[in-house]
Amino acid sequence: MQVATFLAYLVAAALFIVGIRRLRKPETARSGNTLAAVGMVVALIATLFVIHFQDLLLIGVGALLGAVVGAVSAQRVQMTAMPQMVAAYNGLGGGAAALIALSEFIHTETGGGESVVAAITVPLTILVGSVSFAGSVIAFLKLQELAFSGSVTFPLQQIVNALLFLGILVLALNAILGGAILPISPVASVVIVLIASLMLGVLLVIPIGGADMPIVISLLNAFTGLAAAASGFVLGNYILIIGGTIVGASGTILTRLMSSALGRPLGKIIFAGIAASGSSKNNEDQEEREVNDVNAGAVGEYLADETQKVVIVPGYGLAVAQAQGPMYNLMETLESQGKEVLFGIHPVAGRMPGHMNVLLTEAGVPYDKLYDLEDINPEFPDTDAVIIVGANDVVNPAANDPDQNTPISGMPVLDVGQAEKVIFIKRSLSPGFAGVDNPLFYDTDKTMMLFSDAKQGLQEVVEAVKNG
Amino acid sequence: MQVATFLAYLVAAALFIVGIRRLRKPETARSGNTLAAVGMVVALIATLFVIHFQDLLLIGVGALLGAVVGAVSAQRVQMTAMPQMVAAYNGLGGGAAALIALSEFIHTETGGGESVVAAITVPLTILVGSVSFAGSVIAFLKLQELAFSGSVTFPLQQIVNALLFLGILVLALNAILGGAILPISPVASVVIVLIASLMLGVLLVIPIGGADMPIVISLLNAFTGLAAAASGFVLGNYILIIGGTIVGASGTILTRLMSSALGRPLGKIIFAGIAASGSSKNNEDQEEREVNDVNAGAVGEYLADETQKVVIVPGYGLAVAQAQGPMYNLMETLESQGKEVLFGIHPVAGRMPGHMNVLLTEAGVPYDKLYDLEDINPEFPDTDAVIIVGANDVVNPAANDPDQNTPISGMPVLDVGQAEKVIFIKRSLSPGFAGVDNPLFYDTDKTMMLFSDAKQGLQEVVEAVKNG
Amino acid sequence: MQILLTQLAIFIIAAFLGFELISRVPNLLHTPLMSATNAIHGVILVGGMITLASAESPIIKAVGFIAVFFGAANVVGGFWVTNRMLGMFRPPVKKVKKRREG
Amino acid sequence: MQILLTQLAIFIIAAFLGFELISRVPNLLHTPLMSATNAIHGVILVGGMITLASAESPIIKAVGFIAVFFGAANVVGGFWVTNRMLGMFRPPVKKVKKRREG
Ligand SMILES: NC(=O)c1ccc[n+]([C@@H]2O[C@H](COP(=O)([O-])OP(=O)(O)OC[C@H]3O[C@@H](n4cnc5c(N)ncnc54)[C@H](OP(=O)(O)O)[C@@H]3O)[C@@H](O)[C@H]2O)c1
Ligand SMILES: NC(=O)c1ccc[n+]([C@@H]2O[C@H](COP(=O)([O-])OP(=O)(O)OC[C@H]3O[C@@H](n4cnc5c(N)ncnc54)[C@H](OP(=O)(O)O)[C@@H]3O)[C@@H](O)[C@H]2O)c1
C-alpha cells in the first residue's frame with residue numbers, strides 16, 4: 001500500500017463524508033453530490049498506482065462500458081422511474097461485491113495463502129452482496145411493473161426463508177473450515193452460497209408491496225454498503241472499508257427515516273409482506289354504489305360562487321396527465337377573484353419523494369403556497385373546497401380505519417374530509433397505487449366526482465370559473 | 001500492543017461515544033455519564049496488561065492520590081462553583097499531556113530512537129497541553145474571584161501574543177531539527193517551549209471577562225482533548241487518539257453552541273477581551289439619579305389589588321439568598337387569590353446553565369410554570385407585574401442598546417419592560433455579574449425598587465399580599 | 001494482526017459516524033440522499049480493479065471484468081441520476097428554512 | 001509507516017464523528033456535556049501510566065508520577081462532578097420534550 005494512495009483514500013473518504021453532510025440540506029445538496037463524485041474520482045485514480053499495469057486496458061474497457069451504460073440510463077430515465085433506476089445501480093454494486101469476494105476466494109483457494117480474515121469475510125460479502133443484487137433486481141421489476149407486481153406470497157414463506165438462510169450459514173461455515181462439515185469442496189460450497197443467497201434475495205422482496213419499495217431499496221442500499229465494507233476487509237483496502245461502512249450505517253438510519261415518513265414500521269414491511277393490490281376485491285361493488293357525478297361547469301360554478309378558501313391536493317395523476325400548467329391557471333383564476341388558494345403536498349404523493357414539489361415549482365407555483373402534511377391539515381376545517389387532482393391514497397381516510405388492514409393502514413393522510421366540499425378530478429373510480437377504495441368517493445353530499453383526465457378536466461374547470 | 005488490550009480500547013471508545021450520545025438528552029444524560037465512566041475503567045484496566053509491572057506500585061499511589069483529590073473536591077464543591085471546578089480538572093488533563101510529551105521527548109533524546117512522528121507531535125502536545133493548563137488555572141482564579149477578576153488588558157496585547165506564539169514555533173522547529181536552527185539544545189528548547197506556552201495560556205485568558213468563562217473553559221476543554229490525541233500519536237496509543245480526538249472535535253462544536261446561547265461570537269470573546277467590570281464607572285452617577293423606592297407593603301398591595309397575571313424572574317441573587325422557599329410561597333399565595341403566576345428563566349440566569357431550574361424544582365415549583373427565554377417574552381405584553389428577584393443582567397435592556405458596548409451587548413434578554421409594572425427585589429442599585437447598570441432601575445413610573453435581601457424581601461411581600 | 005485490528009477500529013468509528021451523519025433530513029431529500037450514498041458504495045469499483053489486476057486465471061479475469069463493469073455503472077449512473085434529481089428542485093432559501101424544520 | 005497512516009485515518013474519522021456528535025443540545029446540558037467530555041479526555045491517564053512504567057531516569061519517573069496524579073484527578077473529579085450536576089435536575093419527561101425543542 002503506497003503512502004500517496006493511502007493519503008488520497010483519506011481525502012476521498014473526507015469528500016464522501018462532507019458530501020453526505022451537504023446532502024442533508026436542499027441548498028447544498030447538489031454540491032454535496034458533486035463533492036462525493038470528486039471523492040470517487042480521487043479514490044479511483046489513487047487505485048491505479050497500486051495495481052499491475054498490464055491489465056489497465058481490460059479495466060479501462062470494463063469501466064468505460066459500465067460508465068456509458070450508467071450515464072445513458074441515468075440520462076434517459078423518466079423522473080417517475082428514478083426509484084427503480086436507483087435499485088438497478090444498487091443491485092450492480094451488490095453483484096460486484098459478491099463477484100469480487102468469489103474470485104478472491106477461488107484465488108486464495110487455488111493460489112493458497114488462506115487468511116483467517118478472508119475466510120470469514122468472503123462468505124459474508126457473497127451473502128450480503130448477492131441478497132442485495134437479487135433483491136434489487138426484483139425491486140426494479142416490481143416498480144417497472146414488469147413482473148411480481150403487487151405482493152407475491154406463498155404459504156410458509158417465512159419458514160422457507162429461515163431454512164434457506166440456515167443452509168447458507170452451514171455452507172459458509174463448511175467453506176471457512178475447508179470442507180470439514182459437508183462432503184462439498186470449499187469452492188463448490190461458496191458457489192452454492194452465492195446461488196442460495198440470490199434465491200434468498202428474491203424471496204425476501206417478492207412479498208413486499210410496491211408502495212414500500214422506496215424503503216426496501218434504501219435497505220438494500222445499506223446492505224450493499226455493508227458488502228463493500230466486507231470486501232474491503234477481504235482485500236485489505238481502506239477506502240472500501242470506510243466508504244462501505246459509512247454507506248451501510250447511514251443507509252440504515254435513512255431507511256428508518258423513510259419508513260417513518262411513509263408511516264410504515266420497518267418490521268411490518270419486511271415480515272408482513274402487505275398486499276399492495278387489493279384493488280380487484282374493491283372494484284366489484286363500486287358500480288352499484290352511487291356517486292355524485294358532476295361536470296366541469298358545476299364545479300366551476302361552485303368554486304366561483306360558494307368558496308373563499310380553496311385547497312388543491314395534487315397526486316400521481318397530475319404527473320401522468322402533465323396537468324401542472326392548467327392547475328397553475330386555476331390558481332391564478334381563483335386568486336383573481338379574491339379567493340385564497342393553498343396546495344397540500346403529501347410526502348408520498350406521486351411516485352417519488354418531492355415529486356409534487358418538482359412539478360409545481362416547474363409550473364411556477366410560489367413555494368409559500370405549498371404546505372406540508374402537518375401544515376395543511378389544520379387548514380381544512382375552514383376550507384370551503386378541496387380539489388383533489390389525480391390523487392387517492394394520500395387523501396384516503398381508509399388509511400386510519402382500524403378495521404381495515406390495507407397497504408396504507410397507519411399512513412398519515414391529508415384530512416380533506418374536514419373541508420366543506422371535496423372535489424375529485426380523476427378518470428374513474430379506480431383506486432390508486434395502493435389499490436384501496438376511497439369511502440369519500442361515495443359521500444354524495446360532501447363529494448363531487450369530476451370524471452376526466454386531469455389536464456382536460458382542469459382546463460374546463462378554469463373556463464367554467466371564469467364564466468360562472 | 002496486545003490484541004485483548006486493543007479490543008478493550010475499542011469497547012472503551014464505543015462506550016465514550018454512546019455516553020456522549022446519551023448526554024444530549026436530559027432523560028438519558030446521567031446514564032450517559034456513567035457509561036463513559038465505565039469506558040474509562042475498561043481502558044485503564046486494559047492498559048495494565050501492556051505495561052511493566054514493577055512500576056505498578058508507583059502508578060497505584062499516584063492514581064490513588066489523584067482519585068482522592070478529584071473525588072473530594074468534586075463532592076465538596078458548591079454548585080455555583082462547578083464551572084471553575086471543571087476548569088481545574090481540565091487544566092490537570094492538559095498539564096498531564098504536556099508532561100507526558102516532555103518526558104517522552106527527553107526519553108527519546110537520551111535513549112535515542114528518534115521517530116519522525118514523535119518529533120512533530122511532541123512539541124505540539126506540549127504547546128496545546130501547556131496553554132490549556134495555564135489558561136484553565138487563570139479561568140479558575142477568575143471564577144473563584146481570587147485574581148485577575150474582570151478583564152485584565154495591557155497595550156499591544158495581541159502583538160505580544162503573536163510574537164510569543166511565533167517564538168514557540170521557532171523553538172519547536174529547532175527541537176524537531178535537533179537544534180539545527182538555534183544554538184539551543186533540543187531538550188532545552190522543548191523546555192522553553194513549555195514555559196512559553198504556559199505564558200501564552202495566561203495571556204490568552206486574562207483579558208476575557210468572567211461572563212464568558214464558561215465558553216472559554218469549553219474551548220480549553222477541546223484543546224486538552226486535542227493534546228490527548230496528539231500524545232496518543234506520540235505513544236502510538238489508540239484509545240488516546242480516539243478519545244482525545246472525539247473530545248477535541250465535539251468540544252469545539254459545543255463551544256460554538258454555548259457562545260451562541262450566550263449570544264457572544266467566539267471571535268469577539270477571544271480577541272476583543274471585553275471588560276466584564278465596567279461597574280465602577282457606572283456606580284458614580286447612580287446616587288444622583290432618582291428611583292421609585294418602595295417597601296414590601298406597597299408591593300404586596302399592588303400585587304393583591306392590581307394584578308391578574310404575574311411573571312417572576314429569578315436570578316443569581318435568589319441563589320445567594322437561598323430564597324426559593326419564600327418564592328414558592330409567593331406563587332402559592334398569588335394563585336390562592338386566583339392570579340396566574342409564571343416563571344421566566346433566562347438560559348444564563350445564575351452562575352451555571354440550568355442553575356435556576358435546579359433551585360426552583362428543589363423548591364417544588366411545577367415544571368410547566370418554568371418558561372424559557374423564547375416562551376416567556378411573548379407573555380410580557382399582557383402581564384400586569386414582573387417580579388425580578390436578585391437578577392439584573394438577564395433583564396437588562398442595555399444589552400440590546402446599540403450605543404453601548406457592554407459585556408452583555410448582543411445577549412438576548414428577558415423583555416420585562418413590556419409588562420405593566422416591573423418590581424426589583426435586590427439589596428442595592430449595584431449592577432450584576434457583568435457590571436452593567438440597568439436603565440430600568442430609573443424608570444420611576446414603571447419600576448418599583450424593593451431594596452432588601454431576596455429571602456427577607458419575599459417573605460415580607462408574601463405577608464403583605466395576604467393582608468392586602 | 002495489528003493491521004486487522006486498526007481496520008476494525010476504523011470500521012467501528014466509521015459506523016458510528018454513519019449513524020450520526022443522517023438525522024432530520026427533509027422528505028424532499030430522502031431519495032437523493034439514498035441515491036447519492038448508493039453511488040458512493042460504487043467505490044466497490046476499486047475492489048473490482050484490484051481483483052481484475054491481480055487475476056491470473058481467465059475465469060477470475062472474466063469475473064473481475066464483470067465486477068468492474070458493474071461497479072462503473074453503479075458509480076456513474078448513481079451520481080448522474082442523483083444530480084438530475086437534485087437539478088429538478090431548486091427551492092428558494094426561505095422555503096428551504098420551512099422544510100428543514102418540518 | 002502503515003501503522004501511522006491507519007492512525008491518521010482513525011484520527012480523521014474520529015474528528016468527523018466528534019463534530020457530528022454534538023448538535024442541538026438544550027442549554028440545560030451544556031455544562032454537564034462539557035464536564036463529561038472533560039472527564040473523557042482524562043483518558044490521558046493511560047498515557048501517564050505508560051510513561052511512568054517505561055521511565056528509567058528518576059526525573060522522568062517524577063514527571064510521569066505527576067502526570068498520573070493529574071490524569072487520575074481529571075478522570076475521577078470530572079465524572080464525579082458531572083454526576084452531581086446531572087443529579088440536580090430531574091425534569092419530568094413532558095417538560096424535557098419542551099426543553100429539547102426550545
Ligand atoms: N412518493 C413516493 O416516494 C412513493 C414511491 C412509491 C410509491 N408511492 C405510493 O404512491 C401513492 C401516491 O398516492 P397518490 O394519491 O399521489 O396517487 P395514487 O393514490 O396512486 O392515485 C393516483 C390516482 O390518479 C388517477 N389518475 C391516473 N392517471 C390520471 C390522469 N391522467 N388524469 C387524472 N387522474 C389520473 C388514478 O385514478 P383514475 O385511474 O381513476 O384516474 C389514481 O386514483 C401512495 O400510495 C404512495 O405510497 C409513493
Ligand atoms: N448561567 C451561566 O452559565 C453563567 C455562567 C457564568 C456567568 N454568568 C453570568 O451571570 C449573570 C447572570 O445574570 P443574573 O441576572 O442572573 O445575575 P446578575 O446579573 O449577576 O445579578 C445578580 C443580582 O443579584 C443581586 N443580589 C445578590 N445577592 C443578593 C441577595 N442576597 N438578595 C437579593 N439580591 C441579591 C445583586 O444586586 P445587589 O447586590 O444590589 O443585591 C445583583 O444585581 C449573567 O451576566 C451571565 O452571563 C452566567
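Below, read A as the first sequence line, B as the second, and so on, with proteins coming before strands; counting in each chain starts at 1.
- A:Ser231 and C:Ile44 make their closest contact through OG-CD1, 3.2 Å (heavy atoms, listed as atom of the first residue, atom of the second, distance).
- Both the backbone and the side chain of C:Ala15 come within contact range of chain A, with heavy atoms under 4.5 Å apart.
- Only the side chain of C:Val75 comes within less than 4.5 Å of a heavy atom of chain A; its backbone N, CA, C and O stay farther away.
- Side-chain contact between A:Ile20 and C:Ile22 is present, with heavy atoms from C-beta onward closer than 4.5 Å.
- Contacts between C:Glu20 and chain A at a heavy-atom distance below 4.5 Å involve the backbone alone (N, CA, C, O).
- Closest non-hydrogen pair, A:Ala74 versus C:Val81, comes out as CB-N, 3.8 Å.
- In this structure the side chain of A:Leu58 reaches within 4.5 angstrom of the side chain of C:Leu52, judged on heavy atoms.
- In this structure, the separation between CD1 on A:Ile59 and CE on C:Met49 is 5.0 Å, given to the nearest 0.5 Å.
- Options C:Thr37, C:Ile10, C:Val68 differ in how many heavy-atom pairs under 4.5 Å they form with chain A, and the most are formed by C:Thr37.
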Let me see the working for A:Thr34 and C:Asn83 under side chain to side chain donor-acceptor pair (under 3.5 Å), right down to the final yes or no. CA-CA 8 Å; A:Thr34 316; C:Asn83 192 50; 4.8 Å; no
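- Contact of C:Ser57 with chain A is not made at all, since no heavy-atom distance falls under 4.5 Å.
- What you find for C:Ala67 and A:Leu99 is that their closest heavy atoms are N-CD1, 4.1 Å.
- Looking only at distances, a side-chain donor or acceptor of A:Asn33 sits under 3.5 Å from a matching main-chain atom of C:Phe79.
- Taking every heavy atom of both residues into account, A:Leu235 and C:Gly47 meet most closely at CD1-CA, 3.5 Å.
- The two residues C:Gly71 and A:Ala96 come nearest to each other via the heavy atoms N-CB, 4.2 Å.
- Using cut-offs of 30° and 60° on the angle between ring planes, the pair A:Phe133 and C:Phe70 is parallel.
- The nearest pair of heavy atoms linking C:Asn74 to A:Gly93 is OD1-CA, 3.3 Å.
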